[in-house]
Number of protein chains: 2
Amino acid sequence: MDALDILVKHDIKPSLQRLAVMEYMLTHFTHPTVDEIYSSLSPSIPTLSKTTIYNTLSLFEEQGVVLYLGIDKKNARFDGNTSHHAHFRCKNCGAIVDIFNQKQEEIVLEGHPELVIDDVQTYYTGYCKNCKK
Amino acid sequence: MDALDILVKHDIKPSLQRLAVMEYMLTHFTHPTVDEIYSSLSPSIPTLSKTTIYNTLSLFEEQGVVLYLGIDKKNARFDGNTSHHAHFRCKNCGAIVDIFNQKQEEIVLEGHPELVIDDVQTYYTGYCKNCKK
DNA sequence: ATTACATTTGTAATGATTACAATTTTATTT
DNA sequence: AAATAAAATTGTAATCATTACAAATGTAAT
């Protein structure tokens with residue numbers, strides 16, 4: 001499924017800018033920041049504004065086509081892979097690693113039937129291969 | 001175990017300010033922001049500076065006496081309860097709820113023996129009792 | 001075409017956090 | 001106890017990601 005399909009399926013009007021951002025997210029599973037996306041797309045779309053990247057990612061997140069990651073204290077990061085997985089961040093070098101082999105959590109939390117859970121994010125922190133002593 | 005004990009045990013020199021912050025964290029498990037802590041302590045310590053709250057919480061976090069919570073996009077939040085538990089945030093009212101009945105995760109992630117895990121944070125988002133339709 | 005509506009853009013404002021130098025407090029040495 | 005050194009606190013200014021907003025542009029509808 002390509003960028004256009006995903007946008008259409010989620011009732012997002014596929015403008016040039018939105019398609020470019022979606023396409024970027026589908027080819028860069030690097031948990032990019034707004035700046036990284038902007039810097040990468042700006043040369044090919046010279047009129048592009050950083051505000052558009054913010055607007056677009058905000059819209060994408062509301063529609064569930066990207067995931068907002070709060071794992072990084074400094075910047076928001078985004079993930080084009082919306083399937084269930086966790087993330088690891090190295091405290092030394094900042095690398096972010098996908099963690100896939102996790103069992104799916106219960107959607108309804110035991111002991112909290114009053115809460116409606118829409119999303120779960122799990123963030124591990126520690127040291128990666130290169131940074132552990 | 002009171003505030004003084006905890007600081008001494010973690011090699012943190014117990015200044016007036018640090019004791020006040022630690023005491024606050026041990027009596028307010030509300031996941032407070034820096035501003036909330038500052039506003040609460042400022043009247044009784046008139047010379048208190050907000051920078052001191054930042055410095056103190058940063059030190060506390062390094063020493064593992066409080067937990068940094070990245071669950072809130074706007075502000076850093078802190079938790080004086082460092083035992084294993086998750087957090088839920090209501091998308092509507094912003095309420096943060098402790099989630100205790102979780103099984104402890106594996107410390108070494110299956111499939112990622114190269115990573116040294118120091119910490120795990122799990123953030124649920126959705127709607128609380130009052131905000132669900 | 002013309003009008004209405006949605007999207008994009010650029011600039012300015014916001015606001016949490018950090019940097020840093022000066023001051024104050026605490027510990028150490030003579 | 002005074003003098004010195006070290007640590008902690010304070011206040012102000014800088015940083016910088018994000019948001020607000022109004023103007024401009026693009027797209028759809030009448």
Side-chain angles (χ1 to χ4, degrees), chain A residues 3-4 7-8 10-24 31-63 65-78 89 91 94 96, chain B residues 3-4 7-8 10-24 31-63 65-78 89 91 94 96:
Chain A
L4 179 61
L7 297 192
V8 169
H10 287 83
D11 295 312
I12 297 169
K13 223 171 282 182
S15 69
L16 177 76
Q17 292 84 346
R18 289 170 178 172
L19 277 169
V21 173
M22 192 70 243
E23 179 65 25
Y24 184 90
H31 319 100
T33 64
V34 166
D35 265 40
E36 286 165 358
I37 300 169
Y38 176 76
S39 299
S40 176
L41 299 181
S42 186
S44 51
I45 308 175
T47 63
L48 188 62
S49 166
K50 206 177 282 186
T51 301
T52 298
I53 307 291
Y54 276 102
N55 290 342
T56 300
L57 290 169
S58 174
L59 175 66
F60 283 8
E61 200 221 340
E62 282 166 23
Q63 299 304 323
V65 305
V66 301
L67 242 43
Y68 169 90
L69 300 186
I71 198 174
D72 187 340
K73 237 177 262 210
K74 297 267 176 195
N75 303 306
R77 292 183 172 275
F78 295 88
R89 181 178 50 80
K91 283 192 226 178
I96 295 178
Chain B
L4 179 60
L7 296 192
V8 169
H10 286 84
D11 296 312
I12 297 169
K13 223 171 281 180
S15 69
L16 178 75
Q17 292 84 346
R18 288 169 178 173
L19 277 170
V21 173
M22 190 72 241
E23 179 65 26
Y24 184 90
H31 320 99
T33 64
V34 165
D35 264 40
E36 285 165 359
I37 301 170
Y38 176 77
S39 299
S40 175
L41 298 181
S42 186
S44 51
I45 309 176
T47 64
L48 188 63
S49 167
K50 205 176 281 185
T51 302
T52 298
I53 308 291
Y54 276 102
N55 291 341
T56 301
L57 290 170
S58 173
L59 176 66
F60 284 6
E61 199 220 340
E62 282 166 21
Q63 300 304 321
V65 305
V66 301
L67 243 41
Y68 168 90
L69 301 186
I71 198 174
D72 187 339
K73 237 177 265 213
K74 297 266 177 198
N75 303 306
R77 292 184 172 275
F78 295 88
R89 180 177 51 80
K91 284 192 226 179
I96 295 179

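Throughout, protein chains are lettered first and strands after them, A, B, ... in sequence-line order, and every chain is numbered starting at 1.
- Straight-line distance from the CG atom of A:Asn75 to the P atom of D:dT15: 17 Å, rounded to whole Å.
- No side-chain heavy atom of A:Tyr68 sits under 4.5 Å from any side-chain heavy atom of A:Leu57.
- In this structure, B:Ile12 atom CD1 and D:dA8 atom P are separated by 10 Å, rounded to whole Å.
- The side-chain heavy atoms of A:Phe78 and A:Val34, taken from C-beta on, include a pair separated by under 4.5 Å.
- Near DNA chain C, meaning a heavy atom under 4.0 Å away, the residues from residues 34-58 of chain A are A:Thr47, A:Leu48, A:Ser49, A:Thr51, A:Thr52, A:Asn55.
- Applying the 4.0 Å criterion to OP1 and OP2 of D:dG26, one finds that A:Ser15 has every side-chain N and O outside that range.
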### Query
A:Lys91 and B:Glu61: salt bridge (charged side-chain N to carboxylate O under 4.0 Å, His left out), yes or no, with the steps?
CA-CA 13 Å; A:Lys91 283 192 226 178; B:Glu61 199 220 340; over 6 Å; no
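- Under a 3.5 Å cut-off, the side chain of A:Arg77 and the backbone N or O of A:Leu69 do not form any donor-acceptor pair.
- Nearest-nucleotide mapping onto DNA chain D: of A:Ala76 and B:Leu16, the residue sitting toward the 5' end is B:Leu16.
- Judged by distance alone, with hydrogens and angles left aside, the side-chain atoms of A:Arg18 form no donor-acceptor pair with the main-chain N or O of A:Thr56 at under 3.5 Å.
- Atom pair B:Lys74:NZ and C:dT17:C1' shows a separation of 15 Å (rounding to whole Å applied).
- Within the nucleic acid shown, A:Lys73 has no heavy atom closer than 4.0 Å to any nucleic acid atom.
- A distance-only check finds a donor-acceptor pair linking the side chain of B:Ser39 to the backbone of B:Asp35 [under 3.5 Å].
- Picking from D:dT10, C:dA16, C:dT7 the nucleotide with the shortest atom distance to the side chain of B:Gln17 gives D:dT10.
- One atom, CZ of A:Phe78, and another, P of D:dA17, lie 13 Å apart when rounded to the nearest Å.
- Across the protein-nucleic acid pair, B:Lys13 atom NZ and D:dT9 atom C1' stand 13 Å apart, rounded to whole Å.
- In this structure, A:Arg18 atom CZ and D:dG26 atom C1' are separated by 12 Å, rounded to whole Å.
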